[in-house]
Amino acid sequence: DGVRECEPAMQMRLFIVMRARQWRDAAALCERMRMVMPENTTGFIHGAFCLHEMGRTAEARALLLAGPAELKQEPTYHYNLGCYAAVLGDQEEARRYLNASFQMDKKIP
C-alpha cells in the first residue's frame with residue numbers, strides 16, 4: 001500500500017478521478033492526501049475545488065484558508081479563493097484575491 005500512497009501515484013489517481021468529474025471520490029482522495037502529506041498543497045487546492053464543484057463553496061474556502069502556509073505562495077490558491085469569494089457574494093475579497101493571483105502569475109487572466 002506504500003506505493004499506492006506515494007505522491008506521484010496519488011496525484012495520477014486524483015487527475016484521473018477529477019477528469020471523470022467524480023467529485024466525491026476525488027474529494028475523498030484529496031482528504032487522504034492531506035492526511036498522508038499534510039505539507040503538500042495539492043490535497044488542499046484540489047480538495048477545495050472538488051467541494052466547490054459539489055456546491056459546497058463555503059467549505060472549499062474554509063479548507064483553503066485552513067491549509068499550510070505554503071499555499072500562499074501558489075497563484076492558484078489566490079485565484080480559487082477569489083472565485084469562491086465571488087460565488088459567495090464578497091466582491092471586494094474576490095477582487096483582492098484575484099489581483100494577488102494575477103500579480104503572481106501573469107498567465108492566469
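Just so it is clear, the structure is predicted and the values come from calculations on it, not from any experiment.
By the 4.5 Å heavy-atom criterion applied to side chains, E93 and L81 are not counted as neighbours. The shortest distance between side-chain heavy atoms of L71 and T76 does not fall below 4.5 Å. In this structure, E53 and R21 have side chains that are in contact, with non-hydrogen atoms separated by less than 4.5 Å. In this structure, L51 and T57 have side chains that are not in contact, with every pair of non-hydrogen atoms separated by 4.5 Å or more. The shortest distance between side-chain heavy atoms of N40 and Q11 falls below 4.5 Å. Looking at heavy atoms from C-beta onward, V87 lies in side-chain contact with H52 at the 4.5 angstrom threshold.
The distance from atom OG of S101 to atom CZ of R96, rounded to the nearest 0.5 Å, is 13.0 Å. Distance OH/Y84 to CD/E59: 12.0 Å, rounded to 0.5 Å. Note: D25 CG to R13 CZ = 11.5 Å, rounded to the nearest 0.5 Å. Atom-to-atom distance recorded for Q103:CD and L98:CG is 12.0 Å, nearest 0.5 angstrom. Atoms NE2 and CE, from H46 and M33 in turn, are 7.5 Å apart once rounded to the nearest 0.5 Å.
Residue R34 comes nearest to G43 through the heavy atom pair NH1-O, 2.8 Å, listed as atom of the first residue, atom of the second, then distance. Scanning all heavy atoms of the two residues, the minimum distance from M104 to E74 falls at CE-N, 3.9 Å. Minimum heavy-atom separation, A48 to L64: CB-CG, 3.6 Å. Heavy atoms only, all atoms of each residue included: M37 and M10 are closest at CE-SD, 3.7 Å. The nearest pair of heavy atoms linking C30 to L14 is SG-CD1, 3.6 Å. Residue A85 comes nearest to A94 through the heavy atom pair CB-N, 3.6 Å, listed as atom of the first residue, atom of the second, then distance.
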When you look at E92 and D90, which way does the side chain to side chain contact (heavy atoms under 4.5 Å, CB included) test go after all the steps? CA-CA 6 Å; E92 183 62 34; D90 190 338; 3.9 Å; yes
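Ring pair Y77/Y97 is perpendicular by interplanar angle, where above 60° counts as perpendicular and below 30° as parallel. Note: W23 and F49 have perpendicular aromatic rings, judged against thresholds of 30 and 60 degrees for the angle between ring planes.
Checking T41 against E70 by side-chain atom types alone, no donor-acceptor pair falls below 3.5 Å.
In the hydrophobic cluster analysis, where Ile, Leu, Val, Met, Phe, Trp and Tyr join through side-chain heavy atoms closer than 4.5 angstrom, L29 is grouped together with V36. No chain of hydrophobic side-chain contacts below 4.5 Å, direct or via other Ile, Leu, Val, Met, Phe, Trp or Tyr residues, connects M18 to F15.
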